A.B. asks: 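First, the structure itself, so that you have it in front of you.
None of these values were measured; they are calculated from a predicted model.
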Amino acid sequence: MSGFLVKIWGLFGVVLSASTIVSLVQTGFDIKLALSLSEVLNYYRELVEPIYDFLYKPILWIFGDINIPNWIMDAQTLSFVVSSIYVRAKSAQRVNGETVHFKGLFSKIAAVFALGLTMIGLLFLPFVLIGMIMLPVYYINQLRWQKHLKWYDFKKVLQSVYLTAGNEGAIFNTSAIYAYLTLIIVVAFYIWNSIIM
């Protein structure tokens with residue numbers, strides 16, 4: 001894939017993640033959202049519903065006509081997203097310049113599908129949260145230790161964080177970056193919602 005398509009695909013993943021997280025929060029805490037954001041969430045659910053209709057066919061064949069709640073679809077989507085973050089972060093680890101885990105495209109797709117479908121991907125959520133807690137600490141430490149770095153030069157500081165953390169920290173740092181992008185999209189949804197209301 002070209003660089004442009006990879007960026008578009010990554011942006012789509014972030015928007016889908018943000019929608020899932022907002023939807024789960026709305027369901028879990030019974031938060032009433034303004035009309036526009038609710039419409040976005042309903043549109044998102046309508047978008048992923050045919051996919052889950054297909055995936056849940058075997059369950060419906062076995063158990064008959066059962067009603068699967070929306071929060072299960074949201075958790076399943078979040079499981080796919082967290083699995084994708086995990087696979088992407090794990091494939092960032094290198095030994096002697098070569099990828100150690102998930103070398104081929106098929107292995108990445110198979111892992112994301114297996115982890116996401118079984119909801120095992122939700123088990124990686126604590127690792128993502130730990131990475132989110134530690135990344136700002138690493139960022140500030142790099143600014144303190146290396147005086148030539150400027151706080152607004154994100155790319156150079158993050159490269160320095162990656163070099164300092166090594167392969168062991170790559171999985172946490174990569175996960176944290178994707179998670180922070182998701183939070184930025186969620187905040188943008190709330191800001192946009194408050195502007196148009």
A.B. asks: Rounded to the nearest 0.5 Å, what separation is found between the CD1 atom of Ile177 and the CD1 atom of Ile85?
C.D. replies: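 Reported value, rounded in 0.5 Å steps: 11.0 Å.
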A.B. asks: Nearest 0.5 angstrom please: His148 NE2 to Lys156 NZ, how far?
C.D. replies: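 Reported to 0.5 Å precision, the distance equals 7.5 Å.
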A.B. asks: I want to check something: taking the side chain as every heavy atom from C-beta on, are Tyr139 and Arg144 in contact at a cut-off of under 4.5 Å?
C.D. replies: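 Counting from C-beta outward, Tyr139 and Arg144 never come under 4.5 Å.
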A.B. asks: In the single-linkage hydrophobic clustering (I, L, V, M, F, W, Y; side-chain heavy atoms under 4.5 Å), do Trp145 and Phe154 co-cluster?
C.D. replies: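 Result: no, two separate clusters.
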A.B. asks: Are Tyr180 and Ile133 in one and the same hydrophobic cluster, where Ile, Leu, Val, Met, Phe, Trp and Tyr link if side-chain heavy atoms are under 4.5 Å apart?
C.D. replies: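 Same cluster.
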A.B. asks: Treating Ile, Leu, Val, Met, Phe, Trp and Tyr as nodes and any side-chain heavy-atom pair under 4.5 angstrom as an edge, say whether Phe106 and Val87 lie in one connected cluster.
C.D. replies: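 Each belongs to a different hydrophobic cluster.
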A.B. asks: With rounding to the nearest 0.5 Å, note down the distance linking OH in Tyr152 to CG in Leu143.
C.D. replies: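 Result: 11.0 Å between the selected atoms.
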A.B. asks: Give me the atom names and distance for the closest heavy-atom approach of Asn173 to Tyr138.
C.D. replies: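 Nearest pair, atom of Asn173 first, then Tyr138: OD1-CD1, 3.6 Å.
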A.B. asks: What is the distance from atom CG of Leu158 to atom CG of Leu135, rounded to the nearest 0.5 Å?
C.D. replies: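 Rounded to the nearest 0.5 Å, the CG-CG separation comes to 6.0 Å.
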A.B. asks: Would you give me the side-chain donor-acceptor pairs under 3.5 Å for residues 112-132, sequence neighbours excluded?
C.D. replies:
{"unit_1": "Thr118", "atom_1": "OG1", "unit_2": "Ala114", "atom_2": "O", "d": "2.7"}
{"unit_1": "Thr118", "atom_1": "OG1", "unit_2": "Leu115", "atom_2": "O", "d": "3.4"}

A.B. asks: Taking all atoms of both residues into account, what is the closest heavy-atom pair of Lys150 and Val157, and its distance?
C.D. replies: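 Minimum heavy-atom separation between Lys150 and Val157: O-CG2, 3.5 Å.
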A.B. asks: As an exercise, state the distance from CD of Gln146 to CG of Leu163, rounded to the nearest 0.5 Å.
C.D. replies: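 If we round to the nearest 0.5 Å, Gln146:CD and Leu163:CG are 9.0 Å apart.
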A.B. asks: Would the distance check show the side chain of Thr164 and the main-chain N or O of Ser160 forming a donor-acceptor pair, the cut-off being under 3.5 Å?
C.D. replies: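 Flag set: sc Thr164 to bb Ser160 pair under 3.5 Å.
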A.B. asks: For the hydrophobic clusters of this structure (ILVMFWY residues joined by side-chain heavy atoms under 4.5 Å, transitively), does one cluster hold both Ile140 and Val137?
C.D. replies: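 No, it is not one cluster - the side chains of Ile140 and Val137 are not joined through contacts under 4.5 Å.
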